[in-house]
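Right, one structure below, let's go through it.
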Amino acid sequence: GAVEVWRYNGSGGGFEGLYDTLYPGWDPLGVTEDPDTFAELKVKEVKNARLAMVSFLGFLVQGLVTGKGPLQNLADHLADPAANNAVTNIAGVNSARILGA
């Protein structure tokens with residue numbers, strides 16, 4: 001969070017020009033030659049990185065709640081979706097009570 005605030009406030013510490021010339025470092029297709037495309041790709045990369053961090057947090061919470069890994073949770077859910085889902089795992093409620101059976 002602190003790095004994003006630092007970046008948002010423009011406190012690049014004099015590295016802005018250097019950063020833009022080195023980023024991404026390897027560009028065989030030449031997509032960074034256009035400044036507008038380059039700026040758009042940088043924003044997309046940051047957004048994708050944030051999405052990846054949120055998804056990892058989901059795996060972490062899921063593991064803490066169920067005590068199983070993500071692949072085992074997926075297999076359990078595919079075997080019985082009504083009994084193995086977010087509501088039944090987090091709330092700890094029996095799926096038969098939720099479905100009224």
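Atom set for the values below is all heavy atoms of this structure, side chains included, hydrogens, waters and symmetry mates excluded.
For Leu71, the CG atom counts as loosely surrounded, since its 6.0 Å shell holds 12 or fewer non-hydrogen atoms of other residues, nucleotides or ligands.
Rounded to the nearest 0.5 angstrom, Asn48 CG and Met53 CE are separated by 10.5 Å. To the nearest 0.5 Å, atoms NZ (Lys68) and CG (Asn73) are separated by 6.0 Å. Taking NZ from Lys42 and OG1 from Thr37, the interatomic distance works out to 12.5 Å, rounded to the nearest 0.5 Å. Note that CD of Gln62 and CD of Gln72 are 10.5 Å apart. Values are rounded to the nearest 0.5 Å.
Taking every heavy atom of both residues into account, Asp80 and Ala83 meet most closely at OD2-CB, 3.0 Å.
With a 4.5 Å cut-off on side-chain heavy atoms, Leu51 and Lys47 do not count as touching. Side chains of Val46 and Arg50 form a contact here, defined as non-hydrogen atoms less than 4.5 Å apart.
Distance alone, capped at 3.5 Å, places no donor-acceptor pair between the Asp76 side chain and the Asn84 backbone.
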